[in-house]
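Computed over heavy atoms, backbone and side chain alike; hydrogens, waters and symmetry mates excluded.
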Amino acid sequence: MAQLIIGGARSGKSSLAEQRAKDWAGAAPDREVIYLATAQVRPSAEDPEMAQRLAHHRARRPAEWGLVEEPLHLALALAENAAPNRCVLVDCLTLWLTNLLFAGDAARQAEAHLPIQCPLLAEETGALLDCLPTLPGEIILVSNEVGWGIVPMHPVSRLFGDEQGRLNQRVAAVCTQVTLVAAGLPLALK
């Protein structure tokens, strides 16, 4: 079963996802959890805030959980790691989308006010949507809900907001369960 947990920044979505993974693993003795991180691992000298965020997430995770780091090819990593006795927790789709936009030409094209042509984004999101319904075990995906604010002034920010909204809609459509988290409180949407 695939489930999506969405919410704003610091809403409690990752904590809820981690608790659900712990509960799933604790329901049977042969179950395990793999944490699939999509963050680009950067040297702390370049991005000390991101290094602190990654360290915080690492410290919260149980030591027995496996870790896979995959910033771009999420569907492939899910296919390689999903198993009937395994929960794969993906944190998060928001960073994954950012990675795709900057690894391809989409961010540069938006900055230059050019038509957006990003085959990498289309291929990877298509692969994710195709594989999610077929995966064994439990899949928990975390993503930010970014569409409740004003429309950003910067073209790259507008592109990101548009693509994040589209991605969340498409992933929610193929997931069995969707939960919105606000102020640490979960609300079942599907």
Side-chain angles (χ1 to χ4, degrees), residues 2-11 13-14 17 34-43 46-47 49-51 53-54 57 67-82 88-135 139-181 189-190:
Q3 62 175 291
L4 174 64
I5 299 175
I6 61 172
R10 300 293 170 256
S11 63
K13 61 193 176 297
S14 291
I34 300 291
Y35 187 96
L36 204 162
T38 62
Q40 295 271 21
V41 179
R42 298 179 183 97
E46 287 182 34
D47 193 345
E49 180 194 356
M50 184 58 133
R53 288 173 183 259
L54 294 175
H57 275 265
L67 173 64
V68 173
E69 295 176 342
E70 180 48 63
L72 295 174
H73 306 291
L74 183 55
L76 179 61
L78 280 166
E80 290 174 349
N81 289 282
V88 181
L89 192 166
V90 177
D91 201 352
C92 76
L93 294 180
T94 310
L95 287 173
W96 176 65
L97 176 66
T98 301
N99 297 338
L100 291 172
L101 291 175
F102 282 91
D105 286 332
R108 182 192 57 76
Q109 291 165 348
E111 185 77 37
H113 303 284
L114 297 171
I116 306 301
Q117 298 176 358
C118 187
L120 179 65
L121 175 64
E123 290 167 12
E124 291 299 325
T125 56
L128 175 65
L129 295 166
D130 289 344
C131 86
L132 277 175
T134 70
L135 296 172
I139 309 297
I140 302 172
L141 303 141
V142 176
S143 189
N144 284 46
E145 177 54 63
V146 299
W148 289 350
I150 60 170
V151 175
M153 291 177 59
H154 195 275
V156 176
S157 299
R158 284 193 303 274
L159 170 67
F160 171 77
D162 291 348
E163 292 300 331
Q164 186 68 60
R166 289 183 190 110
L167 177 64
N168 285 348
Q169 288 180 57
R170 294 171 72 196
V171 170
V174 299
C175 284
T176 306
Q177 182 178 354
V178 179
T179 305
L180 171 67
V181 181
L189 301 179
K190 178 179 177 184

Could you give me the CA-CA distance, side-chain angles and deciding distance for Thr176 and Lys190, then say whether side-chain contact (heavy atoms from CB on, under 4.5 Å) is met?
-> CA-CA 7 Å; Thr176 306; Lys190 178 179 177 184; over 6 Å; no
Evaluate side-chain contact (heavy atoms from CB on, under 4.5 Å) for Leu4 paired with Leu189, printing each intermediate quantity in order.
-> CA-CA 10 Å; Leu4 174 64; Leu189 301 179; over 6 Å; no
Min side-chain heavy-atom separation Val171-Leu141 under 4.5 Å = yes
Enter the distance from Ile6:CD1 to Cys92:SG here, rounded to the nearest 0.5 Å.
-> 12.5 Å
Which heavy-atom pair separates Ile5 from Ala17 by the least distance, and what is that distance?
-> CD1-CA, 3.6 Å
Nearest heavy-atom approach of Asn81 to Val88 is O-CG2, 3.8 Å
Verify, without hydrogens or angle tests, whether Asn99 (side chain) and Pro71 (backbone) share a donor-acceptor contact under 3.5 angstrom.
-> yes
What residues, two or more places apart in sequence or in another chain, satisfy side-chain hydrogen bond (donor to acceptor under 3.5 Å, both in side chains) together with Arg108?
-> none
Are a donor atom and an acceptor atom from the side chains of Thr38 and Glu69 found within less than 3.5 Å of each other?
-> no
Could you walk me through whether Leu78 and Val90 pass the side-chain contact (heavy atoms from CB on, under 4.5 Å) check?
-> CA-CA 9 Å; Leu78 280 166; Val90 177; 3.8 Å; yes
Identify all side-chain donor-acceptor contacts of residues 114-131 below 3.5 Å with residues at least two apart in sequence or on another chain.
residue, atom, partner, partner atom, Å
Glu124, OE2, His73, ND1, 2.9
Thr125, OG1, Leu121, O, 2.8
Thr125, OG1, Ala122, O, 3.4

Distance col, row Arg170:CZ vs Leu132:CG, nearest 0.5 angstrom, shows 11.0 Å
dist Thr98:OG1 -> Phe160:CZ (nearest 0.5 Å) comes out at 4.0 Å
Test side-chain contact (heavy atoms from CB on, under 4.5 Å) on Leu167 and Leu93 and set out the steps.
-> CA-CA 8 Å; Leu167 177 64; Leu93 294 180; 4.2 Å; yes
Is there a donor-acceptor contact under 3.5 Å from the side chain of Asn168 to the main chain of Asn144?
-> yes
Can you tell me how far the CD1 atom of Ile139 sits from the CD atom of Gln3, to the nearest 0.5 Å?
-> 10.0 Å
Could you grab the distance from atom CD of Gln164 to atom CD of Gln169, nearest 0.5 Å is fine?
-> 11.0 Å
Donor-acceptor pair, Lys13 side chain versus Gly8 backbone, under 3.5 Å?
-> yes
Rounded to the nearest 0.5 angstrom, the CG-OH distance for Leu89 and Tyr35 is 6.5 Å
